[in-house]
Protein chains: 2
Amino acid sequence: MTTRRTGLREEKKQATRVALREAALRLALEHGPDNVRVDDIAEAAGVSPRTYNNYFSSREQAIVAAVTAERESRVAAAVAARPAHVRLADALAEAILEQYTEPRDHDELLLITASPALRDTFLDAAAAIEHPLAAAIDQRLGCTGTPAPRVLAASAAAAVRVALRQWLQPPAAPLTTSGLVVPSGSLPDLLRSALATLEPAFDAAEEQAQQRLRQ
Amino acid sequence: MTTRRTGLREEKKQATRVALREAALRLALEHGPDNVRVDDIAEAAGVSPRTYNNYFSSREQAIVAAVTAERESRVAAAVAARPAHVRLADALAEAILEQYTEPRDHDELLLITASPALRDTFLDAAAAIEHPLAAAIDQRLGCTGTPAPRVLAASAAAAVRVALRQWLQPPAAPLTTSGLVVPSGSLPDLLRSALATLEPAFDAAEEQAQQRLRQ
DNA sequence: AGCAAATATTGCGTGCACGCAAGTTTGCGT
DNA sequence: ACGCAAACTTGCGTGCACGCAATATTTGCT
């Protein structure tokens with residue numbers, strides 16, 4: 001059920017998609033993110049510039065896609081893969097942590113932090129977990145028709161975004177009126193504490209779902 | 001403390017901002033959202049096209065801004081205005097409901113639902129509550145340094161987005177495998193139930209904040 | 001009032017996103 | 001094997017976003 005389309009076609013499409021994003025990443029690393037035109041990327045991937053925009057709707061998307069690969073979509077799969085008896089909140093946290101913890105290339109991160117435009121698209125890309133995640137949560141809670149799964153998924157995505165934004169921020173000047181400046185810890189810690197804030201909501205939703213089952 | 005800048009300058013800026021967005025709305029209503037170029041808007045507002053983009057960074061933003069006015073920023077103010085003894089979750093829900101319930105012009109809504117691009121920008125605009133809201137929540141909880149306020153604000157914004165998206169969707173074909181299709185109720189109801197999902201998280205955060213105060 | 005610094009506006013140039021209408025490739029039924 | 005239909009690619013044209021540098025306006029200061 002993974003792909004509805006036929007083999008050769010879909011295969012070629014994925015091939016050019018990969019070609020495009022790898023070309024984009026390579027060129028961006030070589031010449032700097034701002035010195036790469038979409039025409040260059042298209043040429044390097046062997047397609048027309050117009051075709052580039054059939055695959056990516058902005059110049060930055062291809063670069064970001066190369067860095068994040070399909071991480072976003074795998075989060076939902078990882079959630080669905082956890083055994084049903086695990087707390088939803090835990091399943092989610094584990095899935096996200098797992099997917100965002102793979103060792104990253106240091107150059108790639110520098111690249112992303114370098115350009116504001118790239119940072120923005122990177123954060124936007126994190127929002128892509130929302131829909132698949134909503135489906136996965138819906139599945140787990142079995143409460144189709146309620147907005148809860150969508151809200152929870154959207155909130156989780158939002159939390160991830162907050163964590164990533166914090167993480168990408170240069171430590172900045174320690175200028176707070178009151179006191180301590182948190183030195184913007186490690187990404188796993190940031191993700192954990194962001195998601196922890198939402199835990200009660202997940203628990204409550206799960207609770208309600210189980211009550212509905214039981215009754 | 002509302003405006004740091006001096007009078008005449010800021011006044012003129014707001015004037016042209018308003019002129020731009022009202023011109024945008026008027027033209028969009030007159031000729032349809034897709035038959036309005038930014039040059040037209042700029043001309044109608046009496047500024048150069050380049051200036052348009054000093055105020056709005058996309059063609060759609062001005063139109064949406066005219067419809068939503070400063071609703072987004074007022075939400076945070078409304079939260080801050082609630083007495084301190086009100087539950088945070090309630091303060092938030094009331095503030096949002098209050099701001100999103102003003103009677104809307106029917107034409108304007110049709111306009112927004114008409115064009116997908118407008119719908120998207122409209123939803124994006126709702127995300128603008130995030131930062132002011134985070135500040136307001138931070139104030140209320142008094143827990144600077146914790147990611148909680150940011151996460152809660154982002155989640156609330158996400159919930160609002162979910163509700164709005166549902167609300168803007170044409171009822172669509174009642175095609176579900178299992179059964180009932182919720183006829184995408186009234187906006188207040190949608191907002192209420194979306195925010196209700198997050199209530200436990202708000203309560204828990206408030207609880208924690210109070211414990212920290214007490215100790 | 002007058003002047004210098006700060007801030008806005010404008011025109012220009014470049015690259016980009018995307019609708020549209022060919023042209024090309026792939027898939028499938030017969 | 002053939003050919004039609006669906007899906008993908010491509011070139012073109014249009015409008016758009018935005019950096020930059022020149023110009024105009026406002027402000028605060030004396």
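We name chains A, B, ... by the order of the sequence lines, and we start the count at 1 in each one. The structure presented is a predicted model; accordingly, all values stated were derived computationally and were not measured.
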Practice task
To the nearest 0.5 angstrom, please state how far the OG atom of B:Ser115 sits from the CG atom of B:Leu110.
Solution key: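 Separation between the atoms: 13.0 Å.
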For atom [atom1] of [X] and atom [atom2] of [N], their distance in whole Å:
X	N	atom1	atom2	value
A:Gln14	D:dC8	CD	C1'	14 Å
B:Glu60	C:dA17	CD	P	15 Å
A:Asp39	C:dA17	CG	P	10 Å
B:Glu11	C:dA8	CD	C1'	16 Å
B:Phe56	C:dT9	CZ	P	12 Å
A:Arg9	D:dC8	CZ	P	6 Å
A:Lys13	D:dA6	NZ	C1'	12 Å
A:Asn53	D:dT9	CG	P	13 Å

Exercise for the section: Output yes when at least one side-chain N/O atom of B:Ser48 is less than 4.0 Å from OP1 or OP2 of C:dT9, else no. Expected result: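 No, B:Ser48 has no side-chain N/O under 4.0 Å of OP1/OP2 on C:dT9.
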Handout entry: OP1 or OP2 of C:dT26 under 4.0 Å from side-chain N/O of A:Lys12
Key =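 Checking C:dT26 against A:Lys12, a side-chain N or O does come within under 4.0 Å of OP1 or OP2.
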Among [options], which nucleotide sits nearest the side chain of [X]?
X	options	value
A:Ser57	C:dT25, C:dC18, D:dT9	C:dC18
A:Arg50	C:dA6, C:dC20, C:dT10	C:dC20
A:Val47	D:dT10, C:dG11, C:dA17	D:dT10
B:Arg37	C:dC18, D:dC18, D:dG15	D:dG15
B:Ser58	C:dC12, D:dA17, D:dA6	D:dA17
A:Asn54	C:dG19, C:dA17, D:dT9	D:dT9

Exercise for the section: Indicate yes or no: does B:Glu98 engage B:Arg71 in a salt bridge with an N to O separation below 4.0 Å. Expected result: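 Salt bridge flag = no for B:Arg71 with B:Glu98.
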Handout entry: Salt-bridge present (B:Arg26, B:Glu22; N to O < 4.0 Å)
Key =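 B:Glu22 and B:Arg26: not salt-bridged.
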Within a reach of under 6.0 Å around [atom1] of [X], are more than 12 heavy atoms found that belong to other residues, nucleotides or ligands?
X	atom1	value
B:Glu94	CD	yes
A:Glu11	CD	no
B:Glu43	CD	no

Problem - B:Phe56 six-ring centre to B:Arg17 NZ/CZ under 6.0 Å and within 45° of normal - result: yes
Exercise for the section: Cation-pi check, B:Arg21 to B:Tyr55: give yes when NZ or CZ is under 6.0 Å from the six-membered ring centre and within 45° of the ring axis, no otherwise. Expected result: no
Exercise for the section: Tell me what B:Arg59 touches on the nucleic acid: a base, only sugar-phosphate, or nothing, going by heavy atoms under 4.0 Å. Expected result: sugar-phosphate
Practice task
Describe the nucleic acid contact of A:Tyr55 in one word from base, sugar-phosphate, nothing, applying a heavy-atom distance below 4.0 Å.
Solution key: sugar-phosphate
Practice task
Go through residues 27-36 of chain A and report each residue with a non-hydrogen atom lying under 4.0 Å from DNA chain C, sorted by number.
Solution key: A:Val36
Exercise for the section: Please tell me if the side chains of A:Leu152 and A:Leu198 come closer than 4.5 Å, counting only heavy atoms from C-beta onward. Expected result: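 Sidechains of A:Leu198 and A:Leu152: no contact.
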Contact list (N/O, under 3.5 angstrom) for nucleotides 28-30 of chain D vs protein:
none

Practice task
Verify salt bridge (Lys or Arg N to Asp or Glu O under 4.0 Å) between A:Asp124 and A:Arg161, making sure each step is shown before the conclusion.
Solution key: CA-CA 8 Å; A:Asp124 283 354; A:Arg161 278 177 56 103; 3.3 Å; yes
